Amino acid sequence: MTVYIAREGSKLWRRVSMETAVEVKILLEKWRLLLAGLVLQYIHGLAARGVHYLHRPGPTLQDLGFMVLPELGKERGYVSESLFTFIFVSFLLWTFHPFVYHSKRFYTVLLWRRVLAFLVASQFLRIITFYSTQLPGPNYHCREGSKLARLPPPDTVLEVLLLNFPHGVIYGCGDLIFSSHMIFTLTFVLTYQKYGSKRFIKLLAWLMAVIQSLLIVASRKHYTVDVVVAWYTVNLVVFFIDKKLPEMPDRTSGSLPLLPLSVKEKEGKLKEEHHKLLNGNSGDSTDWRQRTQMNGKHAEDVNHVHSDTTTNGT
């Protein structure tokens with residue numbers, strides 16, 4: 001039993017090491033775009049923090065979702081965040097499964113490159129909308145009478161740049177249209193819909209997205225319009241950007257290169273193939289035999305020698 005565990009552990013470590021080497025190679029090639037995506041995540045947080053200074057509490061707007069769904073209240077507001085955390089962590093772990101499992105359909109670095117592109121585009125649209133018009137926040141800490149509903153002017157630049165973490169992230173007001181939680185949730189679900197392999201998990205992911213939408217409204221973190229706008233905006237953003245981005249190589253085929261070849265590499269590959277053809281050897285096992293002669297009399301050297309010996313009477 002101990003020998004078996006040690007052998008399997010050695011295989012797992014070798015697999016993780018090989019995958020890490022491959023992913024690091026891609027990361028060194030694509031790190032600029034990934035870094036830009038992460039920086040823009042911070043800029044989105046900074047914009048959400050800034051709009052809180054502009055927020056003015058007021059009467060909660062009439063909302064159909066509020067009429068239908070009872071409010072969870074401050075004591076049960078964690079339910080929505082718990083489901084979102086589960087979705088986020090589950091997706092994060094799934095994107096790193098190629099480091100462990102044999103079945104590998106994508107490269108983790110390339111997948112997160114696409115995910116960040118979807119998130120950044122959606123968040124850019126979100127910043128434009130919530131700065132255009134500030135609605136009175138429906139959450140309990142954004143209503144009239146709450147000390148957190150309005151922020152005093154910042155004392156230092158660092159107070160803004162550091163986002164007053166974690167209170168500035170958890171107790172934000174004014175960044176309503178459209179829901180950031182739904183941006184992440186729908187982006188993750190749509191990504192798994194395309195690159196995931198388990199049909200049951202795909203159905204479960206869409207079900208959790210619907211439940212997440214209802215919980216966001218029930219916890220009064222957003223108005224119903226914030227969730228509705230997120231549903232069609234994120235889907236459209238992912239659809240159009242996915243068309244513009246180059247498709248990721250399919251690892252299941254095993255026939256594609258790790259990374260797209262550069263111009264020099266392509267020219268070198270063409271010269272190598274041309275050199276092989278001039279020497280009568282294409283490098284392919286099916287081309288090791290000589291080609292059929294043009295007159296069609298002899299198919300191979302073996303047949304040619306045999307016919308010569310027959311003609312000479314030997």
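Computed from a predicted model, the values in this text were never measured in an experiment.
Residue F124 places its CZ atom among 12 or fewer non-hydrogen atoms of other residues, nucleotides or ligands, all under 6.0 Å distant. Enclosure of atom NZ in K74 is not indicated, since only 12 or fewer non-hydrogen atoms of other residues, nucleotides or ligands lie within 6.0 angstrom. No more than 12 heavy atoms of other residues, nucleotides or ligands shown are found within 6.0 angstrom of CZ on F86. Other residues, nucleotides and ligands contribute only 12 or fewer heavy atoms inside 6.0 Å of the CD atom of Q62.
Salt bridge status for K194 with E247: present, with a side-chain N to carboxylate O gap under 4.0 Å.
Judged purely by distance below 3.5 Å, without hydrogens or angles, the side chains of S80 and Q212 pair a donor atom with an acceptor atom. Of the N and O atoms on the side chains of D226 and S179, not one donor lies less than 3.5 Å from an acceptor on the other residue. R126 and H44 share a side-chain donor-acceptor pair at under 3.5 Å. Side-chain polar atoms of R114 and Y195 form a donor-acceptor pair below 3.5 angstrom.
For A230 against M182, the heavy-atom pair with the smallest separation is CB-CB, 3.6 Å. The heavy-atom pair separating A48 from D175 by the smallest distance is CB-OD2, 3.6 Å. Heavy atoms only, all atoms of each residue included: A209 and L186 are closest at CB-CD2, 4.4 Å. Summarising the geometry of C142 relative to G172, their closest heavy-atom pair is SG-O, 3.6 Å, with the distance given to 0.1 Å. Scanning all heavy atoms of the two residues, the minimum distance from H141 to C173 falls at CD2-SG, 3.5 Å. Nearest heavy-atom pair across L176 and K221 is CD2-O, 4.0 Å.
One distance of note links CG of L215 with CG of L72; it measures 6.5 Å at 0.5 Å rounding. To the nearest 0.5 Å, atoms CZ (F88) and CG (L93) are separated by 10.5 Å. Between F99 atom CZ and R15 atom CZ the span is 13.0 Å, to the nearest 0.5 Å.
Taken together through direct or relayed side-chain contacts under 4.5 Å among Ile, Leu, Val, Met, Phe, Trp and Tyr, L245 and L34 form part of one hydrophobic cluster. No continuous path of hydrophobic side-chain contacts links F130 to I183 [ILVMFWY only; heavy atoms under 4.5 Å]. V227 and L236 sit in two unconnected hydrophobic clusters of ILVMFWY residues. Membership requires side-chain heavy atoms under 4.5 Å apart, directly or through other members. Criterion: ILVMFWY side-chain heavy atoms under 4.5 Å apart, direct or through other members. Under it, I127 and Y53 are not part of a common hydrophobic cluster. Residues L33 and I43 do not share a hydrophobic cluster, clusters being chains of Ile/Leu/Val/Met/Phe/Trp/Tyr side chains in contact below 4.5 Å.
A perpendicular orientation is assigned to the rings of W112 and F188, their planes being inclined by more than 60° (bins at 30° and 60°). The aromatic rings of F84 and H181 sit tilted, their planes meeting at an angle between 30° and 60°.
When the options L119, L125, D242 are evaluated for a side-chain contact (heavy atoms from CB on, under 4.5 Å) with V237, the one that passes is L125. Just one residue in the list V234, N235, V228 forms a side-chain contact (heavy atoms from CB on, under 4.5 Å) with Y232, and that residue is V228. If you run side-chain contact (heavy atoms from CB on, under 4.5 Å) between E23 and each of L110, L28, T108, only T108 comes through.
Inter-residue side-chain proximity for F184 and Q123 is flagged as met; some heavy-atom pair is nearer than 4.5 Å. Within the 4.5 Å cutoff, no side-chain heavy atoms of F178 are placed close to those of H222. A 4.5 Å side-chain heavy-atom check between T191 and F118 finds at least one atom pair inside the cut-off. Side-chain atoms of S213 and W231, non-hydrogen and from C-beta on, do get closer than 4.5 Å to each other.
When atom types are taken as modelled, the side chain of R143 and the backbone of T60 share no donor-acceptor pair closer than 3.5 angstrom. The main-chain N or O of L61 is found under 3.5 Å from a side-chain atom of Y223 such that the two form a donor-acceptor pair. Without hydrogens or angle criteria, S219 side chain to I216 main chain gives a donor-acceptor distance under 3.5 Å.
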**OP:** Show the numbers, then the answer: is there a salt bridge (charged side-chain N to carboxylate O under 4.0 Å, His left out) between E81 and R76?
**Re:** CA-CA 10 Å; E81 290 297 326; R76 294 186 296 274; over 6 Å; no
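Aromatic ring centres of F106 and W94: separated by under 6.0 Å.
A cation-pi contact, defined as under 6.0 Å to the ring centre and within 45° of the axis, links R220 to F66.
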